[in-house]
Amino acid sequence: MSGPRFRFAPSPTGFFHVGGARTALWNWALAHNQGGTFVLRIEDTDEERNRPEWTQGIIDALAWIGIGADDPRFEGPYYQSHYADAHVAAAKQLFEQGNAYYCDMTAAEVEARNKVEGNQGYQGWSRNLGLGPGPGRVLRFKVPAGSTTVHDLVRGEVVFDNALIEDFVLLRSSGSPMFLLANVVDDLQMRISHVVRAEEHLPNAPKQQMIWQALGHEPPVWAHVPVLVNEARKKLSKRRDKVALEQYRDEGYLPDAMVNYLMTLGWTPKGDSEIAPWSEMERDFRLEDVNHSPAFFDLKKLAAFNGDHIRMLSTEAFFEACKPWLFGPSAPFPRSGFDEGMFLAMAPHIQPRCVTLADAAGVVDFLFVADPVVDEAAWAKTFGAAEAATVLREATAAYEVLPVWNADALKATLETIGEAHGLKLGKAQAPVRVAVTGRTVGPPLFEALEVLGRDETLRRMRAAEATL
RNA sequence: GCCCCCAUCGUCUAGUGGCCUAGGACACCACCCUUUCAAGGUGGCGGCACGGGUUCGAAUCCCGUUGGGGGUGCCA
């Protein structure tokens, strides 16, 4: 496949970060609307922090938001650790060309000398020592004089004074390649044309650009997109903040809602609404339109997006999406009590009452349990009212002889009973609701009673009467 | 400290010199609808950080100040 080549290069050091998800999504949209390719590369070279199990987590999380190998524009995953030889070969080339040199100072020695001399960073002390490779020696890049201009699609031209960039390490004393080098060599080898990543990498861009050039290539198109921040406006951190995409998935957020929300953090869909289908966002996304400031990851707005997307679901799709919570370990009713027809009949009333998919089971649980779970406070309050017991008794009697069991008839009957006692429907329905559902709040009552059926409804009403 | 980035309602944003008395969305408040709770509808609250320029005209361009963020590893 021809066209521009984008890449997403996460390191498997934890759960999949929502910020990473947004960066991946933006790259994904670009690869599609520019007729290019999205390369996934797992950067598993951090010997300390890498854990293989996180890699599958990344792949699964990406698949959840629609990024995966079943799309022809997806390429990978590649594993950076498999290319160590190429990284070392590139390092050797840089050394032989005179773009890099060996240094025998340890980190502690560098720090100590800086302390004495009042400096910051490595001062190029071993530059002209002519050292060759050897144990305990790192290979450092020889940063040339002058300045480096990074052409960035969202930042514009950013100029860095090379004098302020230290001779950074390419190869550890162990001989293993570091991020700055490995990242460039892989990008080169994978013919990456566009590097779109978070702004925290902007200071790396001039260093990497120098490597690209020293290796004899034109640098890629850069784009450093704003980071996502928490309420304190600090970069989202795995320790402090709820950033794991997997967690949102497990809590009942719809992938479409998550994708839609993530896309709007720093960018707005065309048209009048920020609620937009992926197909449109994918088509319209452009780096030139990206906002330059950090964006706050707002749970409340995410919840609002999720509610909107849940309401947009067809009845069937909604049922399908709810299944993990209907039949999983958190379900408030036994699977044997569940009735698909009843759920489907109530679905249109459940959807507007859900912020997450996990909420659905709790809205209609009373239909599927043997006996309603009674909220004592609601019970006491409702039957503490003067006419409540009478209304319940009269409703039971009237419902026993109702010629047709449907919502309209159930409603009209209770309305009549309420009027006889000077009660509006809002008041009159309360005793019946509490008797049948155990709660004062829930989906529309008469529709629920219709679905529940005459026998079970009357059984619950009589049971409630008996306790009064 | 040093380097770099950024700056429109509380938040996400629209806005690319006149269409801005600055528009939308979330949140919040009120009202309407209503069978409880939601959803929905209507309205309200609320912002161009500050100071200088440039211009007939600036949220938009320039400079400075202030504020925020990122980086400053033999992490990625």
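Owing to the predicted nature of the structure, the values given are computational and were not obtained by experimental measurement. So you know, we letter chains A, B, ... as the sequences are listed, proteins then strands, and number each from 1.
Put simply, CG on L181(A) is 11 Å from P on A76(B), counting in whole angstrom units. We find that CD1 of I58(A) is positioned 14 Å from P of A76(B), with the value rounded to whole Å. The distance between atom NE2 of H349(A) and atom P of G40(B), rounded to the nearest whole Å, is 16 Å. Rounded to a whole Å, the NE2 atom of H201(A) is 18 Å from the C1' atom of C3(B). Atom-to-atom, CG of D167(A) to P of G73(B) comes out at 13 Å; the value is rounded to the nearest Å. In this structure, R353(A) atom CZ and U35(B) atom P are separated by 13 Å, rounded to whole Å. Separating the NZ atom of K234(A) from the P atom of G67(B) is a distance of 13 Å, rounded to the nearest angstrom. The nearest whole Å value for the distance from the CG atom in L170(A) to the C1' atom in A76(B) is 15 Å.
For L445(A), the listed nucleotide lying nearest its side chain is U35(B); candidates were A7(B), U35(B), G69(B). In this structure, of C12(B), A14(B), C37(B), it is C12(B) that holds the atom nearest to the side chain of T264(A). Among U36(B), C74(B), G24(B), the nucleotide with an atom closest to any side-chain atom of E274(A) is G24(B). Picking from A25(B), U35(B), A14(B) the nucleotide with the shortest atom distance to the side chain of T268(A) gives A14(B). Checking C74(B), A76(B), U35(B) against the side-chain heavy atoms of L425(A) singles out U35(B) as nearest. The side chain of K411(A) has U35(B) as its nearest neighbour among U35(B), C26(B), A76(B). In the set G73(B), U35(B), A38(B), the nucleotide with an atom closest to the side chain of M178(A) is G73(B). The side chain of V138(A) sits closest to C74(B) out of U35(B), C26(B), C74(B). Distance from the side chain of E43(A) is smallest to A76(B) among G69(B), A76(B), A38(B). Side-chain proximity of A107(A) to the nucleotides U35(B), A7(B), C74(B) is greatest for C74(B).
For K424(A), the NZ atom sits in a loose shell: 12 or fewer heavy atoms of surrounding residues, nucleotides or ligands are nearer than 6.0 Å.
Contacts of S273(A) with the nucleic acid, taken as non-hydrogen atoms under 4.0 Å apart, are absent. Looking at heavy-atom distances under 4.0 Å, E447(A) makes contact with a base. At a threshold of 4.0 angstrom between heavy atoms, the contacts of G307(A) with the nucleic acid are absent. Using a 4.0 Å heavy-atom cutoff across all strands shown, F446(A) reaches at least one base atom of the nucleic acid. In this structure, R433(A) reaches the bases: a heavy-atom distance under 4.0 Å links it to at least one base atom across the strands shown. Contacts of H224(A) with the nucleic acid, taken as non-hydrogen atoms under 4.0 Å apart, are absent. If you check every strand for non-hydrogen atoms under 4.0 Å, P294(A) touches sugar and phosphate atoms only. Among the protein residues, M105(A) comes within range of the nucleic acid bases, having at least one heavy atom under 4.0 Å from a base atom. Nucleic acid contact class of P443(A) (heavy atoms, under 4.0 Å, all strands): base. Counting non-hydrogen atoms under 4.0 angstrom, F179(A) reaches a base of the nucleic acid.
Spacing between G51(B) and A58(B) at atom C1', rounded to whole Å, works out to 15 Å. Nucleotides A59(B) and A49(B) are separated by 12 Å at their C1' atoms, to the nearest Å. A30(B) and G23(B) are spaced 22 Å apart, taking the C1' atom of each and rounding to whole Å. Straight-line distance between the C1' atoms of U42(B) and G68(B): roughly 38 Å, to the nearest whole Å. When the P atom is compared between G47(B) and G24(B), the two are found 15 Å apart, to the nearest whole Å. C5(B) and C62(B) are spaced 13 Å apart, taking the P atom of each and rounding to whole Å.
Note on R155(A): every side-chain N or O is 4.0 Å or more away from OP1 and OP2 of G70(B). Residue T45(A) has a polar side-chain atom (N or O) positioned under 4.0 Å from OP1 or OP2 of A76(B). Regarding contacts with the backbone of G40(B), a side-chain N or O of R311(A) is found under 4.0 angstrom from either OP1 or OP2. The side chain of S173(A) places no N or O atom within less than 4.0 Å of a non-bridging phosphate oxygen (OP1 or OP2) of C74(B). Using a 4.0 Å cut-off, no side-chain N or O of K235(A) falls inside it from OP1 or OP2 of G70(B). Phosphate proximity of A76(B) to R172(A): present, with a side-chain N or O under 4.0 Å from OP1 or OP2. Put simply, N204(A) has no side-chain N or O that comes within less than 4.0 Å of OP1 or OP2 on C4(B).
Among D284(A), N291(A), L287(A), L262(A), the one residue that satisfies the side chain to side chain contact (heavy atoms under 4.5 Å, CB included) test with W267(A) is D284(A).
In this structure, G426(A) and W267(A) both approach RNA chain B, and ranking their closest nucleotides by distance from the 5' end singles out W267(A).
Base pairing of U35(B) is not made with any nucleotide, judged by Watson-Crick or G-U wobble geometry with both donor-acceptor distances under 3.5 Å. Pairing for G1(B) is with U72(B), a Watson-Crick or G-U wobble pair whose two hydrogen-bonding atom distances lie under 3.5 Å. Partner assigned to A7(B) is U66(B), using Watson-Crick or G-U wobble distances below 3.5 angstrom. The nucleotide U55(B) finds no pairing partner, because no Watson-Crick or G-U wobble arrangement with both distances shorter than 3.5 Å includes it.
Side chains of H194(A) and N27(A): a donor-acceptor N/O pair is absent below 3.5 angstrom, by distance only. No donor-acceptor contact under 3.5 angstrom links the side chains of D44(A) and Q80(A), judged on distance only. With hydrogens and angles left out, the side-chain atoms of H309(A) and D256(A) include no donor and acceptor closer than 3.5 Å. For the 3.5 Å distance criterion, the side chains of E157(A) and H151(A) qualify, holding a donor opposite an acceptor.
T390(A) is listed as a side-chain neighbour of H421(A), based on a closest heavy-atom distance under 4.5 Å.
Between H87(A) and Y83(A), the angle of the ring planes lies from 30° to 60°, which puts this pair in the tilted group.
Aromatic pair Y399(A)/W405(A): centroids less than 6.0 angstrom apart.
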